[in-house]
Amino acid sequence: MRDIHARLKQRHHLGQFERQRPGLAFFTVPREYLRGLLLDLRDKEGFSHLVLLTAVDWMEEGLFQLTYMLNNRAEDVTFGIRVMLDRDEAEGDSIHDLWPTAETYQRELKEMFGINFPGSPRIDDEFILEGWTDLPPYRRDFDSLAYSQQTYAERPGRVTHDPREHMKQKLYPDGV
Amino acid sequence: MGLREVLTPFTVWKRVFDEPVTIKDPIGRPGADRYRGFHQNDMDKCIGCGTCETICQNAAIDMVPIEGVEPEKGDSGLRPQIDYGRCCWCALCVDVCMTGSLTMSNEYTWVDTDPDKFRFIPGIDGDWKDDVAGYEREGQRVLSGVERIHMEEMEPEARICNFDEIVAGYTREEAVLEADRCVECGLCVATCPAHMSIPDYIAAVRDQDYDRGLQLLYETNPFSEVCGRVCTHKCESSCAALHEGDPIAIRWLKRHIIDEVPFDRRIELIGQPVEPNGRKVAIIGAGPAGLTAAFDLARAGTSVVVYEALEHAGGMMRYGIPEYRLPYDALDRDIGVIQAMGVEIKTSCRVGRDVMMEDLQRENDAVVLAIGLHMGRSTRVPGTDGPGVEKAVDLLRRITDGEEVPVPEQLVVIGGGNVAMDIARSMARLQKAKYGEVGITLTALEDIDHFLADPEEVVESREEGVEIFDARGPQEVMRDASGAVTGLRTWRVKSIFDAEGRFAPAYDESDERVHAGTMVIEAIGQAADTSLLGEALTEALEWNRGRIRIDDAFRTSEPWLFAAGDAVKGPDVITAVADGHRVARTVMEEFSARQVMQ
Ligand SMILES: Cc1cc2nc3c(=O)[nH]c(=O)nc-3n(C[C@H](O)[C@H](O)[C@H](O)COP(=O)(O)OP(=O)(O)OC[C@H]3O[C@@H](n4cnc5c(N)ncnc54)[C@H](O)[C@@H]3O)c2cc1C
Ligand code: SF4
Ligand code: SF4
Ligand code: SF4
C-alpha cells in the first residue's frame with residue numbers, strides 16, 4: 001500500500017501515510033485533488049469499491065472531515081481518504097458519477113450533517129428524518145437532550161432524585 | 001404535548017394507506033449475541049451515582065429509591081429506572097456506567113397494552129434480568145479517565161535532609177485534567193465530615209473559575225490550605241471513580257483552588273461580617289475546632305476572643321503535623337483570614353493559669369472548650385520513667401518551637417499510627433542533618449497490613465530509612481547500670497484484641513527481640529489535659545469515659561459551656577472543622593432562644 005501512496009503522492013498532494021492495521025491505511029488529501037485521486041485509484045490501482053462515505057464534525061477546529069473508504073477487492077486492501085472541509089461553508093464535491101451509491105451517502109450527509117453536495121441527485125430529499133426542522137442532528141452543536149425534551153412528551157408520574165440530596169435527607173438531614 | 005408532536009405526524013400521513021411494516025406479535029427471533037436490548041443492572045454492584053441518568057440524551061432515566069437498599073457510604077441507595085417510551089437503545093448509559101453494573105440483554109420484544117409497564121427498574125423487573133447474552137461495555141471504561149493525574153513529589157534523597165514541603169501541587173493544566181474525571185455525582189459529599197461541596201468546587205476548577213471555587217470552599221471550611229494538604233480525605237474512599245480506576249484527587253484539587261487565590265483576594269471574596277450583635281463568646285484553644293467556631297461566630301457579628309496556651313495559634317496543625325507536610329505559612333494564611341473577620345487570638349495565655357474559667361464564664365455569654373489532646377500517653381512498661389523516654393507530641397511541639405531536642409544516633413519509636421510516622425520522619429531528618437545517617441527503628445502492635453497509619457506514610461517512612469518492625473509488643477525499656485536507655489525489648493504479638501473485642505494483646509514470649517537505641521519515643525495516643533476546669537467544674541460536669549459528655553449539638557451539661565474537637569470527638573482536622581461549625585450554630589441558637597425568653 002505504501003508503494004501506491006508513494007506513487008500517487010506527488011501528483012495528488014497526498015498527506016502522510018498512516019497505517020492502521022494490515023490492509024488498512026489512511027491519508028488526507030486537499031479537496032481539489034480528491035476527484036483525480038479517486039479516478040486514479042479506481043481505474044489504475046484496482047480500488048473499484050466505495051465501501052462508505054461518512055463525516056466527522058471537528059467543531060472546535062471549524063472543520064468537517066469526509067472519509068471515503070475505498071477497497072481493492074482482489075488485494076483485500078482498503079484506503080481511508082480524508083478530505084477536510086470548511087465547516088461554515090459545509091460543501092463537498094459530488095462523486096455520484098464515479099460510484100452511483102455515493103448518491104445515497106451524500107443524501108445522508110446532507111440530512112445528518114448539513115453538508116451539501118451540489119449536483120448530487122435528490123440531494124434535498126428527506127432521507128430518514130421526516131419533517132426535520134432543527135439543526136442537522138449529527139452536528140455536535142445539536143443538543144440531543146434538549147431536542148428530545150422539547151419534542152417528546154414525558155409519561156406522567158415520573159420522579160427522579162439527586163443522589164447527593166437524597167443521601168443528605170437520609171443520612172444527615174440536619175446538615176451535620 | 002409540544003406543537004411539534006402534533007405537527008410532525010402530518011408529514012407521515014402520506015403513508016397512511018401504505019401496507020404497515022410493523023406486526024402485532026413479533027416472530028420470536030432472538031437478537032444477536034451483542035444486541036442492545038432491555039437493560040439489566042447488578043443491584044449490588046450499582047452505587048446509584050446517577051451518571052447513567054446524566055448522560056442519557058433522551059432523558060429516559062430516573063434515579064429512584066428501592067425498598068431494602070439504604071443509602072450508605074459510597075452508595076446513594078438510588079437505582080436507575082428506565083422509560084422505554086424514550087430510550088433509543090444507544091447504550092451510552094452502559095458505556096459510561098461507573099461500576100459496570102449496567103448492561104443490556106439481547107431481548108428486544110415485549111408486548112403489553114399498558115404503556116406504564118415499559119417504565120421499569122432493570123435488575124428488579126424484567127424476565128431477562130439474568131440473561132447472559134446482550135451488550136456489555138468491553139474492557140476499561142473510556143468515557144471518563146481512569147488514571148489519576150500524577151502529583152509531583154520530592155524524591156527521598158532530596159527531602160530527607162530538610163523539612164521542605166514534599167508535595168508540589170498541581171499546575172492548572174494538571175488540575176483541569178484531574179477535575180475532568182469527576183462525574184459530579186456527589187456521592188463523596190456525605191462522607192466528608194464537613195459535607196463540602198466537592199463536585200461544585202471541582203467543576204469550578206474545570207471552568208477555571210477560582211473565585212467561585214474559593215467561595216465554595218469557605219462555605220464549609222475555613223481551613224482549606226490545611227485540609228488541601230493534610231486532610232485524611234475519607235471522601236476519596238467513597239468516590240464513584242474508584243470502582244474502575246483511581247478515585248478523584250479531591251484533596252489535591254481543593255489545595256489547587258486555594259493555591260490559585262491570593263490572600264487578599266480571599267478576604268475580598270468572603271466579605272465582611274454582619275453588624276455586631278452585642279454577644280461575647282470566649283473560645284479556649286486555637287486549633288481547627290476553636291478557630292472554625294470563632295470564624296462562624298465572628299461572621300455572625302459575635303465578638304470572639306480565642307485563648308491559646310501556646311505561643312502561636314493552630315493547635316496540632318502547627319505543633320503536631322510536621323512542616324514537610326504542612327508548611328507554617330500555609331497554616332498562617334488560613335488563620336489570617338479568620339483574624340481578618342475580627343477574631344482576636346490571645347496567645348501564650350493558658351486558661352487555668354493566666355486566666356480562670358470563672359472569669360470567662362462571668363464575662364461572656366458562652367464559653368467553647370476546644371482544647372484538643374495534648375498529653376502523650378505512655379505504655380507504662382518497666383523503664384519508661386526517667387530520662388531517655390519521650391512522648392511524640394512533646395517532641396513534635398519542641399521541634400515546631402525551634403527548641404533544641406536531643407537527637408541520638410539510634411532511637412526506637414513505639415506506635416504504628418500517623419503520629420508515630422510523623423515523629424519518626426521528623427527525627428530522621430534531624431539525624432540526617434547531624435550524623436548524615438538515619439537510625440530509627442519503629443515497632444507497632446499491628447501487623448503491617450493493619451497499620452493505622454496511611455499506607456503512603458509507611459512507604460515514605462521506609463524510603464527515608466525508618467526500619468519498621470510490625471506485630472511487636474513493648475515489654476521493657478532497657479537501661480544500663482547508669483540508668484541510660486540502651487534499647488527496647490519486645491515480644492511478637494499473637495493477637496491484639498480478645499474474643500470480646502477488648503484491647504488485650506497476647507504475645508509469643510519465645511519470640512523476643514531487643515531493638516537497640518539510646519532513646520525511646522512513645523507515640524501511642526494522647527489525652528486531654530482538663531486541669532484548666534478546676535475542681536468544682538470538673539465535679540459539676542457530666543463525663544463519658546474520661547471525656548466531657550456532650551450532646552449531639554455539642555452542649556456540655558453546663559448551660560454556658562460547649563465543647564468540640566479532639567477533646568470530645570476527633571480524630572482529624574476536618575472533623576474538628578465540622579464540630580466547629582456545629583458548636584457555633586448551637587451557640588447562636590442558644591442566643592436566639594435566650595432572646596425569646598427575655
Ligand atoms: C502528630 C499529629 C499529626 C496529625 N496529622 C493529621 C493529619 O495529617 N490530618 C488530619 O486531619 N489530622 C491530623 N492530626 C489530628 C489533628 O491535628 C487534630 O484532630 C486537630 O488538630 C484537632 O483539633 P482541635 O481544635 O480539637 O484541637 P487542637 O488542634 O489540638 O487544638 C487545641 C488547642 O487548645 C490549646 N489549649 C489546650 N489547653 C488549653 C488551655 N488550658 N488554655 C488555652 N489553650 C489551651 C492547645 O494549645 C491547642 O492549641 C494529627 C495530630 C497529631 C498529633
Ligand atoms: S452509572 Fe452505573 S453505578 Fe451509577 S447509577 Fe447508573 S447503573 Fe448505577
Ligand atoms: S440506552 Fe441510551 S437512550 Fe436508553 S437509557 Fe441508556 S443512554 Fe438513555
Ligand atoms: S469526586 Fe468522585 S464521588 Fe465526588 S462527585 Fe466527583 S466522581 Fe462523584
Side-chain angles (χ1 to χ4, degrees), chain A residues 20-21 54-57 59-60 107-108 110-114 122-176, chain B residues 1-5 7-12 14-15 47-51 53 55-65 70-73 75-78 81 83 85-86 88 90 115-116 118-119 184-191 193-195 197-199 240 552-553 578-579 581-582 585:
Chain A
Q20 187 102 3
R21 55 177 154 82
T54 186
V56 181
D57 182 359
M59 191 169 80
E60 289 80 1
R107 246 176 89 201
E108 183 191 24
K110 175 77 199 294
E111 185 168 87
M112 302 305 269
F113 285 91
R122 299 176 63 206
I123 187 75
D124 292 320
D125 282 12
E126 281 177 340
F127 184 64
I128 53 168
L129 305 178
E130 289 169 331
W132 190 261
T133 52
D134 215 306
L135 271 185
Y138 279 1
R139 287 203 177 201
R140 282 182 42 228
D141 42 356
F142 171 70
D143 187 338
S144 323
L145 180 57
Y147 178 85
S148 65
Q149 270 164 342
Q150 282 164 23
T151 312
Y152 307 113
E154 194 122 301
R155 280 209 74 71
R158 279 185 57 177
V159 199
T160 190
H161 299 76
D162 175 49
R164 174 174 168 183
E165 272 311 307
H166 182 70
M167 289 176 93
K168 178 172 184 222
Q169 269 170 33
K170 293 278 180 172
L171 298 173
Y172 57 103
D174 203 18
V176 286
Chain B
M1 242 198 218
L3 183 63
R4 201 185 244 130
E5 264 176 289
L7 292 181
T8 305
F10 283 104
T11 69
V12 190
K14 59 185 177 213
R15 311 232 189 278
I47 52 173
C49 63
T51 311
E53 177 188 19
I55 204 168
C56 178
Q57 295 298 299
N58 288 312
I61 301 184
D62 293 321
M63 297 302 295
V64 297
E70 288 307 314
E72 57 178 25
K73 181 171 178 283
D75 177 1
S76 74
L78 301 168
Q81 180 178 48
D83 181 350
R86 300 188 73 104
C88 73
C90 67
D116 285 324
F118 294 91
R119 190 168 63 211
E184 290 178 33
C185 63
L187 291 190
C188 47
V189 177
T191 306
H195 307 303
S197 304
I198 298 165
D552 289 348
D579 287 7
H581 288 309
R582 186 68 183 97
R585 198 170 106 192

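On a predicted model such as this, the values are computed, not experimentally measured, just so you know. Note on naming: letters A, B, ... go to the chains in the order of the sequence lines (proteins, then strands), and numbering restarts at 1 for each one.
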If I measure from the heavy atoms of chain A, does [X] come under 4.5 Å with its side chain, its backbone, both, or neither?
X: B:Asn58; result: both
X: B:Cys188; result: neither
X: B:Asp116; result: both
X: B:Ala60; result: backbone
X: B:Cys88; result: neither
X: B:Pro193; result: neither
X: B:Ala190; result: both
X: B:Gln81; result: neither
X: B:Ile47; result: neither
X: B:Ser197; result: both

- Query: Would you say A:Thr160's side chain and B:Met63's backbone share a donor-acceptor pair under 3.5 angstrom?
  - Reply: yes
- Could you tell me whether the side chain of A:Gln149 and the main chain of B:Ala59 form a donor-acceptor pair under 3.5 Å? no
Can I get a per-line list of side-chain donor-acceptor pairs under 3.5 Å for residues 135-145 of chain A, giving both atom names and the distance, sequence neighbours left out?
from, atom 1, to, atom 2, distance (Å)
A:Arg139, NE, A:Phe113, O, 2.7
A:Arg139, NH2, A:Phe113, O, 3.3
A:Arg140, NH1, A:Asp57, O, 3.3
A:Arg140, NH1, A:Glu60, OE1, 3.1
A:Arg140, NH2, A:Glu60, OE1, 3.4
A:Arg140, NH2, A:Glu60, OE2, 3.0
A:Asp141, OD1, A:Arg87, NH2, 3.1
A:Asp143, OD1, A:Leu145, N, 3.2
A:Asp143, OD1, A:Ala146, N, 3.0

With chain A as the partner, which of [options] has the greatest number of non-hydrogen pairs under 4.5 Å?
options: B:Gly186, B:Pro71, B:Gly85; result: B:Pro71
options: B:Leu78, B:Leu187, B:Asp552, B:Asp579; result: B:Leu78
options: B:Pro65, B:Pro199, B:Gly48; result: B:Pro65

- Go through the atoms of A:Glu165 and report whether side chain, backbone, both or neither lie under 4.5 Å from a heavy atom of chain B. neither
- With side chain to side chain contact (heavy atoms under 4.5 Å, CB included) as the test, would you mind laying out the steps for B:Arg582 and A:Asp174 before giving the verdict? CA-CA 10 Å; B:Arg582 186 68 183 97; A:Asp174 203 18; 3.5 Å; yes
- How far does NE2 of B:His195 sit from NE2 of B:His581, to the nearest 0.5 angstrom? 10.5 Å
- Side-chain contact test, heavy atoms from C-beta onward, threshold under 4.5 Å: evaluate it for A:Arg155 versus B:Pro115 and give yes or no. yes
- Item | Nearest non-hydrogen partners of B:Asp75 and A:Met167, listed with the distance | O-CE, 3.6 Å
- Aromatic ring centroids of A:Trp132 and A:Tyr147 under 6.0 Å? yes
- Query: Going through the distances and angles, do A:Lys168 and B:Val189 end up as a side chain to side chain contact (heavy atoms under 4.5 Å, CB included)?
  - Reply: CA-CA 9 Å; A:Lys168 178 172 184 222; B:Val189 177; over 6 Å; no
